[in-house]
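This report concerns only the one structure given below.
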There are 2 protein chains.
Amino acid sequence: MPPTTEEKIKSAARTVFHSKGFAATKTRDIAKEAGINLALLNYYFRSKEKLFQIIMMDSIHSLFQSILPIFFEEETNFFEKIEKFVSLYIEKLKTDPEIPLFILSELQRNPLVILEQVPFKEIFETSVFHKQYESAIEKKELNSISYYHLLMNLAGLTVFPFIGKPIFFQVGNLTSEEFHRLMEERKKWIPIWIKQMLTNELQAS
Amino acid sequence: MPPTTEEKIKSAARTVFHSKGFAATKTRDIAKEAGINLALLNYYFRSKEKLFQIIMMDSIHSLFQSILPIFFEEETNFFEKIEKFVSLYIEKLKTDPEIPLFILSELQRNPLVILEQVPFKEIFETSVFHKQYESAIEKKELNSISYYHLLMNLAGLTVFPFIGKPIFFQVGNLTSEEFHRLMEERKKWIPIWIKQMLTNELQAS
DNA sequence: ATTTGTTTTAATCATTTGTTTAAATCAAAT
DNA sequence: ATTTGATTTAAACAAATGATTAAAACAAAT
């Protein structure tokens, strides 16, 4: 079934917004990318702003919906969750590498009302993952490191290579294939690094 | 000595470009922020684009010039360099947290010609830091992990918390003071984590 | 075939935006 | 005080941009 006009516009809008951001994206860019008449954008979505809100909502969803269930699983243990998260996220970012930078840069420009609808606090504080972490610390199985540090490290190690991709490409003459191979390697490494950070004795500096 | 008109414009441009990016920044925003007549912007800087190039160049410089010497020091060893880098960078980002996101998002929108003027490749491949790393691996003092992974981890752990700040603020009800305290803690932790990652035996998963 | 409601189009509108212009102001030199 | 060159200002311009309109094309129902 061929895509409807509405789908064509949404898809084009996603492409252009993701690559240029809200302000640099012109409605005519989207119309051209979609191969439709400019007026249809307003006909189907009222305004550029409304269309943007929809794309932003979609993007946030597509970035979080896949990983959330992992953190609420009862069957898997703490480190299994980390392994699952890292693999799934890197896989997601290999197909949609621009989403994090898109969300974060729009977030910098104005505090997206949308974000308030994502119950981050509940998610991270009431998750099984969080409970397992606190419990392991209590039992002295893990070093006592702030949950924030854990989240920052997990996100930083996983997401940053994609955000900083253009820099890393400049550093070495990194090709796209080499980059993808590195990201595959990180699926294995990041959980190991996190584990080391949480379980190893702290050496004197 | 009071700032000249030219300085007022540059300073205002830096503020507005950093917070909103090139496309969302209007020349009138800059004029207003600087408290000057709109025409003076073109009088002193020819165009918005030219002014932007100057600010971008400045920003890249301010982000790299301070850290580069560290990587070329002969006196300090490998881990001392890491400690110095992390401390200096976090300190820099505490005062100018928007610069990395500013650079990276503009870089996503179009491949900044400016960046080619930064000799990243030479910097990272000919640095004393790199030589010390390769030599330590050769002597089996460090695990053999790709230099790219090291750079990604170092940058990810150090920079990402600042890029993702709005998200982390939403996750917990993180205050600005708590965030800064966490960043102070990371000055000590990140070098330890990197050391663990490079020196610890790899445990079976 | 005609009617009816929906979708698409080309043209147009009003605002915004980057830049220029010409006159006014200022400050230093004569 | 006058001249001269630099700086600043208000006004205006042209192009770009988001949005609307009115007519045309289309498709489904009668």
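Reminder, nothing fancy here: chain letters follow the sequence lines and each chain counts from 1. What you see is a predicted model; the values in this text were computed from it and never measured.
- The structure places CG of A:Leu142 at 10.0 Å from CD of A:Glu134, a figure rounded to the nearest 0.5 Å.
- Using a 4.0 Å cut-off between charged side-chain N and carboxylate O, A:Glu184 and A:Arg181 make no salt bridge.
- Note that B:Lys94 lies outside the cation-pi zone of B:Phe162, set by a 6.0 Å cut-off to the ring centre and a 45° limit from the axis.
- Ring centroid separation for the pair B:Tyr133 and B:Tyr147 comes in under the 6.0 Å cut-off.
- The closest donor-acceptor contact from the side chain of B:Glu106 to the backbone of B:Ile103 lies at 3.5 Å or more, if one exists at all.
- Atom-to-atom, CD1 of A:Ile30 to P of D:dG18 comes out at 8 Å; the value is rounded to the nearest Å.
- Between the CD atom of A:Glu49 and the P atom of D:dA19 there is a distance of 9 Å, given to the nearest Å.
- The shortest distance between side-chain heavy atoms of B:Asn42 and B:Thr27 does not fall below 4.5 Å.
- Aromatic ring centres of A:Phe17 and A:Phe52: separated by under 6.0 Å.
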Between the protein and nucleotides 20-24 of chain C, list the N/O to N/O atom pairs that are separated by less than 3.5 angstrom.
none

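- A:Lys48 has its NZ atom 16 Å from the P atom of D:dA16, to the nearest Å.
- Note on B:Thr27: a side-chain N or O is less than 4.0 Å away from OP1 or OP2 of C:dG18.
- When rounded to the nearest whole Å, the span between CG of A:Leu41 and C1' of C:dT9 equals 15 Å.
- Atom CZ in A:Arg28 sits roughly 11 Å away from atom C1' in D:dA15 (whole-Å rounding).
- Within the 3.5 Å criterion, the main-chain N or O of B:Ser59 finds no donor-acceptor partner in the side chain of B:Arg14.
- For B:Phe168 and B:Phe179, the distance between ring centers is not under 6.0 angstrom.
- With a 3.5 Å limit on both pairing distances and Watson-Crick or G-U wobble geometry required, the stems of 3 or more pairs in DNA chain D span C:1-30 with D:1-30.
- Rounded to an integer number of Å, the gap from A:Leu40 CG to D:dA23 C1' is 15 Å.
- Within residues 4-17 of chain A, the residues that have a heavy atom under 4.0 Å from DNA chain C are, in order of number, A:Thr5.
- Relative to the six-membered ring of B:Phe79, B:Lys84 misses at least one condition, a distance below 6.0 Å or an angle of at most 45° to the axis.
- Between A:Phe129 and A:Phe71, the ring planes are perpendicular. Angles over 60° get that label, and only those under 30° would be called parallel.
- Among the heavy atoms of the strands lying under 4.0 Å from B:Tyr44 are primed sugar atoms or P, OP1, OP2 only; no base atom is included.
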